[in-house]
Amino acid sequence: MTEPTPNPDQQRLIENTDGIYVVDAGAGTGKTFAITRRYAEIVDQPSVEPEDVLLVTFTRSAATEMKERIVDHSTYSLRELADGSIQTFHSHCFDILQEHGYRAPTHLGLDERITGSTRVIEDELVENELFREFIDQFRDSHPEYADVFRELSDPLELLDVVSELASKGVFPTTDGWYRDGEDALDGDFDAFESLFDDVNQPRNDGRKQSRLRQKLNGYGRNKTYLPDAPAKAELRGDGKKQVPARVAQLVFDEDRAELKSFVHAIYVEYLEFALRRNYLTFGFLQLFAFVLLCEDDSLRERAAFDYVMVDEFQDTSEIQFKLALLLAGTDNICVVGDWKQSIYSFQYADVENILQFEARLDRFTDDLDDDRKRIQFDTGEVERIELTENYRSTQTVLDFSEEALVTPATGRDDVDEAVLDDVVSLSSNAAFDNTTIGGVHHPDEHEAVLSTIQDVVGNEEYAVEDEDGTRRPPTYGDVAVLTRTRDFGRELLTVADEYDFPMAYDGGIELFRTDQAKLLLAWLRILDSDADRGWAVVLEEAGYTLDEVDHILDTRDYPANMTAFRDDLDERAAVGAVARAVFDRYGFTGEYADVILHTIQSVHKSSTLTRGDLIQLIERGIENGSTHDVFTSAGVDSVTVQTIHSAKGLEYPIVVLANMNSGKFPPNGGGSSVVEYTEPVGLRQRKQYATVAEHPHVYDNWRHDVIRHCLSRDYDEERRLLYVAITRAENHVIFTGGEDPNTFFEELPCTTRAGDPVVETVDRSTTAQTQLPFSIVTPDGPTGHTPHTLMDDDVFTDDATEADSVEFRGREFGSRVHDFAEAYALGEDVAPTTGDTDDERHVKALLDSLSGDLHVEERAVLPLDVNGERVTISGVVDLVHATPAEIEIIDYKTDRTRRGETEYRKQLSAYYHVLSECFPDKPVTASLYYTATGEREFIDPLTRDQLRDLVSNIES
DNA sequence: CGCGACCAACTTTTT
DNA sequence: GTTGGTCGCG
């Protein structure tokens with residue numbers, strides 16, 4: 001939420017465009033507003049153009065939002081800003097490499113090149129598969145590392161190592177390490193010693209041993225070390241409450257030459273592998289961009305900006321901080337962030353970047369200037385600006401949010417209250433503060449959440465305030481359920497569905513844990529080996545009882561229609577065709593099925609996927625919960641379910657923070673309230689090896705068993721997560737827990753009560769909304785495709801081979817125009833990559849003639865009551881164009897000869913009704929735009945009754 | 001009150 | 001890998 005006039009703090013940030021600034025912008029302080037105004041201030045100077053300014057955001061959607069908001073406050077249009085650099089680190093690095101990256105690998109001694117066709121692997125699953133493939137061949141070609149591999153439980157850990165090193169700027173060259181990379185690997189004894197000392201302080205005024213000494217009590221338990229390992233007593237010392245100081249040196253000094261050479265070999269050969277396969281990972285994008293900017297002085301000067309701004313600075317990694325410095329041609333640097341919202345350490349974000357900004361600025365500058373001057377400005381003067389006025393939440397919520405930062409996560413967790421010294425307290429500008437903060441717990445937590453929301457909706461006690469100051473009871477749309485895990489969100493949606501409760505999930509979904517993927521896996525297993533665990537799933541889904549399933553499995557007397565389908569599947573050679581047939585059988589035509597197919601196909605491109613491979617792929621996907629974004633829109637009046645991470649930057653009048661359960665939030669640890677000893681103490685079998693010689697692969701690293709206790713492990717980030725969740729709320733916060741709520745739930749200073757959930761089924765038969773996709777059945781076209789995929793008709797005929805369809809889809813005419821339109825509407829620079837056909841020119845002309853908000857690919861769902869049953873029509877149109885005067889729905893078609901006119905009409909009409917409800921005050925029009933002729937045809941929307949008739953005819 | 005030993009239960013987020 | 005709970009010892 002933003003205010004039209006900047007407050008004095010914001011004004012200071014906006015006006016002070018020259019020099020180095022660190023902005024502590026707490027939650028809801030109008031950070032985006034201020035930063036966009038600042039950008040506008042900078043580019044509105046006559047001597048400055050958008051391309052002189054780099055504005056880095058953390059997500060692509062944030063970049064888009066920034067652009068849109070800057071347009072409102074500067075003399076530049078969205079088109080002109082497309083040339084300016086408002087983007088993520090990753091996409092900026094990609095641009096640099098596209099333009100100048102050809103020889104970048106040579107700076108590391110690599111012979112491969114980065115070309116215009118080098119892809120970026122965004123899908124984690126695909127990246128993992130590629131890495132596995134690399135490791136398999138690495139293993140074969142390096143028998144000398146067989147011993148090391150025996151110690152690894154999962155080769156993917158090596159990908160972690162490589163990624164983490166890349167995020168910290170440690171890169172290999174063909175014959176060593178890049179710049180001072182090896183120093184980082186060797187470490188710094190003084191720094192280590194100070195960590196060591198920290199955990200080695202006696203506690204309770206010297207009466208209690210140090211944390212380190214206590215931890216070392218488990219040293220060597222169930223292990224057999226190599227003979228050179230010191231004894232436990234020697235490490236822990238005796239009589240004192242501390243570990244002897246010399247132990248620090250003892251564990252630090254280790255010959256890691258072999259380990260380093262192994263990691264080096266993996267790292268450098270993986271880089272070669274990726275380049276040969278013509279792809280880069282997110283991490284490698286930054287790696288090569290950094291190398292290029294470091295080595296090529298003239299390029300660095302050309303690529304440098306007069307102004308650099310970094311948003312969400314608490315989410316930056318070490319390499320990103322350094323990249324920002326290399327991209328800054330002057331000392332006009334401004335970083336904006338909030339350390340309290342640093343929750344991405346698993347993605348290598350380093351909260352110290354913002355907390356220790358000045359020290360790191362000096363250190364990184366020195367590093368970069370090590371051999372020659374690269375940073376051409378003085379870093380001496382750094383100014384801090386604090387934004388303290390909060391436009392989102394009530395003062396009660398703000399005060400409460402600080403409590404979250406010092407709430408213990410476990411019973412033994414002692415929180416350092418000193419963190420509050422770093423907190424810049426916020427003051428609310430809300431006039432209305434009727435905030436309730438409380439907790440509800442019940443064993444049926446899903447029901448408890450739903451029932452609590454129903455208590456709140458329409459309840460005057462939970463009144464919320466609209467932007468114009470009017471107070472009203474809340475609706476479903478005012479509520480967001482935030483969870484730490486996607487699992488909980490998915491379960492909650494399943495339960496919500498039973499009550500027809502209006503609820504939509506927003507964000508990544510664990511694609512391989514959906515019914516679609518599980519049934520596909522089942523059929524693949526049936527094809528592979530008539531496996532019971534395949535048949536069991538299929539039979540159960542078909543409605544057989546457990547007894548019946550058992551009987552069928554015993555007798556192997558499968559239903560005839562199923563064996564027929566199996567034989568039919570068996571004739572399809574390509575796995576993609578198998579998957580499509582399975583989805584068709586079950587009517588899975590929505591977004592999930594599409595994304596699964598797409599994922600299979602993208603793996604298929606890089607290797608020939610057999611059924612066995614695909615089974616493995618899905619099994620792994622289920623195991624590690626790989627996620628894929630599924631397209632959803634926020635409902636018109638439905639509760640939003642999100643993970644806390646994905647809700648960052650958003651705000652809701654009422655926040656329900658769910659799943660506050662023991663052992664799940666915080667992640668580790670747990671504990672049981674009832675202890676049952678199943679065997680007498682002392683009889684537990686020890687996993688101890690008689691001699692090391694018997695098991696030469698045992699690699700118990702005694703040094704590491706000490707060192708790991710010195711690395712800080714605390715719950716600070718969990719508390720920050722709590723902080724982020726609470727500060728999403730404008731008015732009310734409700735915590736919910738299950739049977740055994742966790743320490744946060746107990747310790748947070750608010751009242752909690754046991755719930756008594758009664759969920760009422762919701763009648764949604766008349767309300768239009770946008771939500772998760774629902775499948776469509778068309779009378780005369782292929783089933784279940786959105787308007788623009790209908791153009792793929794001929795691609796989906798049975799006799800088209802898999803390879804044909806994959807290749808053909810990529811180059812498919814209609815899709816290309818669609819992609820072009822989307823990219824162009826988003827302000828991306830599309831001309832060089834997509835050519836300049838007549839169709840694209842038409843689309844361009846149309847888009848240029850429009851001003852206002854363009855919403856690309858919004859999905860709408862219109863529920864209809866058909867013969868007493870609720871049926872929904874779902875649609876995706878290419879563009880929604882919103883101006884102050886009207887709403888236009890626009891869909892691109894190549895020409896009039898395509899099939900599926902009825903379907904277009906149906907979907908445009910459904911869309912018309914949904915948007916008419918969303919915007920009751922504005923006229924809504926629906927039109928088709930024929931790119932072959934440039935004609936625009938306005939459609940008379942079908943009435944609800946007509947739609948109902950149409951749908952019931954199709955159904956019967 | 002501190003210490004040690006032991007068992008059992010839990011282990012996420014995504015550019 | 002971390003935690004909660006319990007038991008026994010000093």
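Below, chains carry the letters A, B, ... as their sequence lines are ordered, and counting in each starts from 1. Side-chain atoms are counted along with the backbone in the values below, which use heavy atoms only and exclude waters and symmetry mates. All values reported here derive from a predicted model rather than from experimental measurement.
The A:Asn217 side chain lies nearest to B:dG4 when the options are B:dT13, B:dG4, B:dG2. When distances run from any side-chain atom of A:Tyr715 to the nucleotides B:dG2, B:dT15, C:dT3, the shortest one goes to C:dT3. Side-chain proximity of A:Ser646 to the nucleotides B:dT14, B:dC3, C:dT3 is greatest for B:dT14. Of all nucleotides listed (B:dT13, C:dT3, B:dT15), B:dT13 comes nearest to the side chain of A:Thr485. Closest to the side chain of A:Arg486, out of B:dT14, B:dG4, C:dT3, is B:dT14. For A:His645, whose side chain is taken as the heavy atoms from C-beta onward, the closest listed nucleotide among C:dT3, B:dT14, B:dC3 is B:dT14.
Counting non-hydrogen atoms under 4.0 angstrom, A:Lys232 reaches the backbone sugars and phosphates but no base. Using a 4.0 Å heavy-atom criterion, one finds that A:Gln209 contacts the sugar-phosphate atoms exclusively. Using a 4.0 Å heavy-atom distance criterion, A:Arg236 is classed as a sugar-phosphate-only contact.
Contacts between residues 339-347 of chain A and DNA chain B, defined by a heavy-atom separation under 4.0 Å, are made by A:Tyr344, A:Phe346, A:Gln347.
Remark: A:Asn659 CG to A:Thr485 OG1 distance equals 5.0 Å, nearest 0.5 Å. Taking CE from A:Met660 and OG1 from A:Thr752, the interatomic distance works out to 10.0 Å, rounded to the nearest 0.5 Å.
For A:Phe313 and A:Phe357, the ring centers are positioned less than 6.0 Å apart. Not less than 6.0 angstrom separates the ring centroid of A:His441 from the ring centroid of A:Phe735. Checked against a 6.0 Å centroid threshold, the rings of A:Phe346 and A:Tyr344 count as neighbours. The ring of A:Tyr270 has its center closer than 6.0 angstrom to the ring center of A:Phe284.
Residue A:Arg708 places at least one side-chain N or O closer than 4.0 Å to OP1 or OP2 of C:dT2. In this structure, A:Lys208 does not reach the B:dG4 phosphate: none of its side-chain N or O atoms is under 4.0 Å from OP1 or OP2. Between A:Lys241 and B:dG2, a side-chain N or O to OP1/OP2 separation shorter than 4.0 Å is absent. Note on A:Arg720: every side-chain N or O is 4.0 Å or more away from OP1 and OP2 of B:dT13. Taking 4.0 angstrom as the limit, A:Thr643 places none of its side-chain polar atoms (N or O) nearer than this to OP1 or OP2 of B:dT12.
Summarising the geometry, the separation between CD on A:Gln642 and P on B:dT13 is reported as 14 Å, rounded to the nearest angstrom. With rounding to whole Å, A:Leu212 atom CG is found 12 Å from C:dT2 atom P. If you measure from atom OH of A:Tyr219 to atom P of B:dG4, you get 16 Å, rounded to the nearest angstrom. One interatomic measurement links the two molecules: CG of A:Asp716 to P of B:dT13, which rounds to 20 Å at whole-angstrom precision. Atoms CG (A:Leu156) and P (B:dT14) sit 19 Å apart, rounded to a whole Å. The CG atom of A:Asn661 sits 17 Å away from the P atom of B:dA9 (whole-angstrom rounding). Going from atom CG of A:Leu721 over to atom P of B:dT12 covers 13 Å, rounded to whole Å. Between A:Glu718 atom CD and C:dT2 atom P there is a gap of 14 Å when expressed in whole angstrom units.
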Between the protein and nucleotides 8-10 of chain C, are there any N/O to N/O pairs under 3.5 Å, and if so, what are the atom names and distances?
none

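When the nearest nucleotides of DNA chain B are assigned to A:Thr57 and A:Arg203 by heavy-atom distance, the more 5′-ward of the two goes with A:Arg203. Where A:Arg207 and A:Glu717 each meet DNA chain B at their nearest nucleotide, the meeting point lying more 5' is that of A:Arg207.
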* **side chain to side chain contact (heavy atoms under 4.5 Å, CB included) between A:Cys93 and A:Leu323, intermediate numbers included** => CA-CA 9 Å; A:Cys93 289; A:Leu323 277 166; 3.8 Å; yes
* To do: Check the pair A:Gln209, A:Asn217 against side chain to side chain contact (heavy atoms under 4.5 Å, CB included), reporting the backbone distance first and the verdict last.
  => CA-CA 11 Å; A:Gln209 67 179 333; A:Asn217 191 27; 6.0 Å; no
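No more than 12 heavy-atom neighbours from other residues, nucleotides or ligands sit within 6.0 angstrom of CD on A:Glu99.
Residues A:Gln320 and A:Asn353 bring no donor and acceptor atom of their side chains to less than 3.5 Å of each other.
No hydrogens or angles were tested; on distance alone, a donor-acceptor pair under 3.5 Å links the side chain of A:Arg484 to the base of B:dT12.
Looking at residues two or more places apart in sequence or on another chain, you find a side chain to side chain contact (heavy atoms under 4.5 Å, CB included) between A:Val243 and A:Phe196, A:Asn200, A:Leu212, A:Arg213, A:Leu216, A:Val247.
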